[in-house]
Amino acid sequence: MKKEQIFDKAGEFLKTAKKPFLAVVGPTASGKTSASIKIAKKFNCEVINSDSRQIFKHVDIVSAKITPEEAEGVPHHLFSFVEPDQVFTVVEWREMAEKMAEDILDKGKIPMLCGGTGLYINAITKNFSIPAVAPQAEIREELEKMTNQELWQELNKKDPESAKKIHENNRRYLVRALEIFETSKEAKSAQEGIMSPKFESLILGVSVNREELYERINKRVYDMLENGLMKEVKELLKMGYKKGDPGMISHGIPEALDYLEGIISKEDFIAKMQQVTRNFAKRQLTWWRRDERVIWFNPATFEITNSPEI
RNA sequence: GGCCAGGUAGCUCAGUGGUAGAGCAAUGGACUGAAAAUCCAUGUGUCGGCAGUUCAAUUCUGCCCCUGGCCA
């Protein structure tokens, strides 16, 4: 008997879902993009970017953005619209993505999220209620002066429930929780929750073989170099963007900058870029593995695999 | 060939007369306005080989092998 295919599953879902959208998830370099195009063409979808790096202008090669040829005419949205030195957050992304999804549905087409940022996808599919406190540079700057221990103790005084969940060394999480409390005078934990989703989503996960994935990542770095990665990084510098800017932390850029400054050799730069990308792919696998909503499929055969790894 | 410095976890290296550790990697995990971010957990490996000294050697001694440097 022929194994069930992801297309059957998606078709069935789309027949009954109210305000449906599809999401294609999986680790970087897993073949998400090409799989998404095949599915998009089959179900008349338009793609909404859910990758936190591909939103940036001028960061094309390093962030592995889809090219017009690869898109094969499928419309793509929310790419390349943020300046690389601008801070852009989940909340803003979700607002735009929801609006875009509505527009696509209005046209009688199906919205499809594609991109590797798990937080973004969960924010929309689970419809998180996110504490309404925007990031505040001044507060963060003040908090940054404190030691890990001081931060944790401060949080434990004000929002013990959050403190319990955040490790003392995780300064970033501690700072955010404190920022929320300072601004809203209410605990972070008290303001979080899940609302009823605005859309019905079907999450499709690209299954991978770990060894092959790592090889693909290693190879993709060389491809990027051939396609002008260094030129792109130099252009970004010429435009005035700096190390540490939000758009400048895409894997490969910090390493390329170190190489350009002579801090590391070219070999080390390449090896390091491959490594951070592999580390990231592993974190992505961890993120999605536990999510029971995901329907995993083999991107070569489109058969359902029931597992993130083949 | 001679002299010197080394050979310890996948890699780079620390260390001790009572059979070993750190960083990185790797693996697992967390994740609600920075998320390609941030953070947590997990370290048995003939301590190059053989022999000797010793109650005890990875640690001391001798020989051998290998690597690097200098001298011929």
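By convention in this document, chain letters (A, B, ...) are assigned in the order of the sequence lines, proteins followed by strands, and residues within each chain are numbered from 1. Please read these numbers as outputs of a predicted model, since none were measured by experiment.
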query = Salt bridge or not for A:D51 and A:K65, using N-O below 4.0 Å?
reply = no
task = Hunt down the Watson-Crick or G-U wobble partner of B:A34, both distances under 3.5 Å, from any strand shown, or write none.
result = none
query = Nucleotide by nucleotide, 5' to 3', does protein get under 4.0 Å of the base (B), only the sugar-phosphate (S), or neither (-) in nucleotides 24-34 of chain B, counting heavy atoms?
reply = -SSBBBBBBBB
request  = Looking at every strand, decide which applies to A:V276 at a 4.0 Å heavy-atom threshold: base, sugar-phosphate, or nothing.
outcome  = nothing
query = What interatomic distance, in whole Å, is found between C1' of B:U58 and the corresponding atom of B:U46?
reply = 11 Å
remark   = If pairing means Watson-Crick or G-U wobble with both distances under 3.5 Å, then the partner of B:C47 is none
request  = Go ahead and name the base partner of B:A22; Watson-Crick or wobble counts if both distances stay under 3.5 Å, otherwise write none.
outcome  = B:U12
inquiry  = Taking only the C1' atom of each, what is the distance from B:G6 to B:U12 in whole angstrom?
reply    = 14 Å
query = Can you check ring-ring contact (aromatic ring centres under 6.0 Å, His included) on A:F128 and A:Y120, steps first, answer last?
reply = CA-CA 10 Å; A:F128 283 156; A:Y120 284 14; over 10 Å; no
request  = Name the pairing partner of B:G28, where a pair is Watson-Crick or G-U wobble with both distances under 3.5 Å, or state none.
outcome  = B:C40
inquiry  = If I take atom CG in residue A:L151 and atom P in nucleotide B:U38, what distance separates them, rounded to the nearest angstrom?
reply    = 16 Å
ask   = Pairs in or reaching into residues 269-279 of chain A: which pass side chain to side chain donor-acceptor pair (under 3.5 Å), with residues at least two apart or in two chains?
value = A:N218-A:R278
ask   = If you look at every strand shown and take non-hydrogen atoms under 4.0 Å, does A:H167 touch a base, only sugar-phosphate, or nothing?
value = sugar-phosphate
message = Expressed as a whole number of angstroms, how long is the span from A:N148:CG to B:C39:P?
response = 9 Å
query = How many Å lie between CZ on A:R171 and P on B:C40, as a whole number?
reply = 12 Å
ask   = If we take the P atom in both B:C13 and B:U8, what is their distance in whole Å?
value = 9 Å
message = When you compare the side chains of A:Q191 and A:S129, does any donor N or O come within less than 3.5 Å of an acceptor on the partner?
response = no
key: Pair assignment for B:G1, Watson-Crick or G-U wobble, requiring both distances under 3.5 Å   = B:C71
message = Under a 4.0 Å threshold between the charged nitrogen and the carboxylate oxygen, would A:E192 count as salt-bridged to A:K188?
response = yes
inquiry  = Once you apply a heavy-atom cut-off of 4.0 Å, does A:S63 come out as touching a base, just sugar-phosphate, or nothing?
reply    = base
query = Between A:F269 and A:Y259, how do the two ring planes meet: parallel, tilted or perpendicular, split at 30° and 60°?
reply = parallel
task = Can you tell me the pairing partner of B:G6 across any strand shown, Watson-Crick or G-U wobble, with both distances under 3.5 angstrom?
result = B:C66
Euclidean distance for C1', B:U27 against B:U19 (whole angstrom) = 27 Å
request  = Take the protein atom CH2 of A:W152 and the nucleotide atom C1' of B:C40, then report the distance between them rounded to whole Å.
outcome  = 15 Å
Sidechain N-carboxylate O distance under 4.0 Å for A:K99, A:E102 = no
Whole-angstrom distance between B:G21 and B:U44, as gauged at atom P = 8 Å
Whole-angstrom distance between B:C55 and B:C64, as gauged at atom P = 28 Å
key: Pair A:K109 + A:E46, salt bridge at N-O below 4.0 Å   = yes
task = Quote, to the nearest angstrom, the P distance that separates B:G48 from B:A9.
result = 8 Å
ask   = Distance between the P atoms of B:A34 and B:C24, in whole angstroms?
value = 26 Å
